[in-house]
Amino acid sequence: MSIFWLSLIGTSVVVFALRYTGHLIPEKYLTNPRMLKINTLIPVALLSALVAVQTFTKDSALVIDQRLAGLSVAVVALILKAPFPVVVLGAAATSAALFHFA
Amino acid sequence: MSKVNRATAAQSLSVSLTVGAYGLAFGAASVAAGFSVLQSCLLSLLTFSGASQFAVVGVIGSGGSALSGITTAGLLGIRNMLYGLRMAPVVKSKGLMKVIAAQVTIDESTGVALSQERLGQREMRQGFWLTGLGVYLFWNLFTLAGALGAKAMGDPGAWGLDAAVPAAFLGLLWPRLERNSDRVLALCAVALSLALTPLVAAGLPIISTALLAVFFGWRAKA
């Protein structure tokens, strides 16, 4: 089985199992404040790492290229509270322009 | 569901449409990472959790193993379990309906349901279902559109898709960076993942930052 099918099936099964478990077990479990705090921080850590890896790396090497310019535009758009499509399209347009002209 | 509260329905619809735009970005990101159009659509139909889906295509796209991708997506999916805990007493579903309710338990359906708390239990339940099913519909339609669009584009770099994907992640992350301690954690995660990238297998630098979340969460005063 290809890595794509494997990761697709694995992710779907794991995510559904988590959700269904949540609907099955009584609410009094999993209310430890420390666990709840860690749970809110996990997306912050993982998403930050994904942004970094997808912007600054290529084949396990650190690189700086047109993607950084695109991401900088996204940061400015987010600071200006632009809607999501503007953030993504701004980043894409900037990166594509540099890709063609640089 | 007779007598749907109009304000609840309006909120559900606007949230559903907005999230659809993320579906477009996901479809494109998924194809750019090497998934087929069919696989991208199945991810949206079966996984139906934005952050987890972006994570698995992100990890696989940057050369990580299936296990790294699944683990990262699973870690991001833990919050869906907590939403399920909170929503079960609200939706009170049984059998097949419980399965469907679990599948549409996401940030948005939980968020809209909780924001109807002042209106009553019935409105909370309506908000949950309208938003959950509405997002499901638009998320999947837009995933298909995004995947077909990206397939037609060819080289992702030529269209800036290589920058659009991290920008989409940043859009998901941004609302979670309101507190200074969260920003410090984000910067530490960036530094750790980049420092590890040349040293360990792809995918692991991303998963390893979950340990930072545990460390920061353990020390924080709840």
Side-chain angles (χ1 to χ4, degrees), chain A residues 3-8 10-12 14-16 18-23 25 27 30 33-34 36-39 41-57 59-62 66-67 69-71 74-75 78 84-85 87-96 99-100, chain B residues 21 25 35 39 42-43 46-47 49 51-52 56 58 60 62 66 69-70 73-81 84-85 88 98 102 105 157-160 162-174 176 182 185-186 189-190 193-194 197-198 206 209-210 212-214 216-217 220 222:
Chain A
I3 187 171
F4 299 106
W5 282 113
L6 203 59
S7 54
L8 151 58
T11 299
S12 301
V14 168
V15 171
F16 182 77
L18 286 169
R19 294 181 156 133
Y20 198 62
T21 308
H23 276 264
I25 57 181
E27 200 177 358
L30 280 173
R34 197 170 255 169
L36 292 176
K37 182 70 191 169
I38 290 171
N39 183 61
L41 293 181
I42 280 177
V44 174
L46 291 180
L47 291 171
S48 303
L50 277 159
V51 171
V53 166
Q54 301 220 317
T55 306
F56 294 103
T57 75
D59 304 328
S60 288
L62 299 180
Q66 74 276 1
R67 292 174 292 171
L71 201 76
V75 169
L78 285 164
F84 180 73
V87 173
V88 174
L89 290 175
T94 308
S95 181
F99 180 90
H100 289 290
Chain B
F35 287 80
Q39 286 164 338
L42 284 175
L43 265 171
L46 300 174
T47 302
S49 183
S52 294
V56 69
I60 301 297
S62 57
I70 296 165
L75 285 169
L76 285 168
I78 293 173
R79 69 184 193 292
N80 288 323
M81 179 162 76
L85 273 176
K98 200 182 200 58
T105 299
W159 294 83
D162 53 353
V165 176
F169 277 119
L170 194 63
L172 292 176
L173 171 66
W174 201 260
R176 299 173 188 273
D182 296 340
L185 169 60
V190 167
S193 61
L194 293 181
T197 290
I206 296 163
T209 63
L212 286 176
V214 172
F216 274 69

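In what follows, chains are A, B, ... by sequence order, proteins preceding strands, each numbered from 1. These numbers were taken from a predicted model, which means no experiment stands behind them.
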I need the minimum non-hydrogen distance between [X] and [Y], along with the two atoms involved.
{"X": "B:Ala66", "Y": "A:Ile3", "value": "N-CD1, 3.7 Å"}
{"X": "B:Leu43", "Y": "B:Val56", "value": "CD2-CG1, 4.2 Å"}
{"X": "A:Leu18", "Y": "B:Gly74", "value": "CD1-O, 3.4 Å"}

Please identify, among [options], the residue contributing the most non-hydrogen atom pairs under 4.5 Å to chain B.
{"options": "A:Val44, A:Thr94, A:Val75, A:Val14", "answer": "A:Val44"}
{"options": "A:Arg67, A:Arg19, A:Gln66", "answer": "A:Arg19"}
{"options": "A:Val53, A:Val88, A:Leu71, A:Leu50", "answer": "A:Leu50"}
{"options": "A:Ala61, A:Ala69, A:Ser60, A:Gly90", "answer": "A:Ser60"}
{"options": "A:Leu62, A:Thr55, A:Leu89", "answer": "A:Leu62"}
{"options": "A:Ala91, A:Gly70, A:Pro43, A:Ala74", "answer": "A:Pro43"}

Min side-chain heavy-atom separation [X]-[Y] under 4.5 Å:
{"X": "B:Phe35", "Y": "B:Leu42", "result": "no"}
{"X": "A:Ser48", "Y": "B:Thr209", "result": "no"}
{"X": "A:Lys37", "Y": "B:Phe216", "result": "no"}
{"X": "A:Val87", "Y": "B:Leu170", "result": "no"}

With a 4.5 angstrom heavy-atom cut-off, is it the side chain or the backbone of [X] that approaches chain A, or both, or neither?
{"X": "B:Ala25", "answer": "side chain"}
{"X": "B:Leu194", "answer": "both"}
{"X": "B:Thr105", "answer": "both"}
{"X": "B:Trp174", "answer": "side chain"}
{"X": "B:Val190", "answer": "both"}

Could you check which of [options] has the highest count of heavy-atom pairs closer than 4.5 Å to chain A?
{"options": "B:Ala164, B:Gly84, B:Ser62", "result": "B:Gly84"}
{"options": "B:Val165, B:Leu76, B:Ile60, B:Ile70", "result": "B:Ile70"}
{"options": "B:Pro166, B:Pro198, B:Ser49, B:Ala189", "result": "B:Pro166"}
{"options": "B:Gly171, B:Gly77, B:Ala186", "result": "B:Ala186"}
{"options": "B:Ser52, B:Gly58, B:Ala51", "result": "B:Gly58"}
{"options": "B:Val214, B:Leu212, B:Leu46, B:Asp162", "result": "B:Asp162"}

- [ ] Name all residues meeting the side-chain contact (heavy atoms from CB on, under 4.5 Å) criterion together with B:Ala158; count only those two or more places apart in sequence or in a different chain, and write none if there are none.
- [x] A:Phe99, A:His100, B:Asp155
Task: Short side-chain to backbone donor-acceptor contact, A:Ser95 and A:Ala92, under 3.5 Å - done: no
TODO: Might you work through the side chain to side chain donor-acceptor pair (under 3.5 Å) test for A:Ser12 and B:Thr47, ending with a clear yes or no?
DONE: CA-CA 4 Å; A:Ser12 301; B:Thr47 302; 2.8 Å; yes
Open item on the list: Within this structure, what is the CE-CD1 distance for the pair B:Met81 and A:Ile25, rounded to the nearest 0.5 Å?
Closed with: 5.5 Å
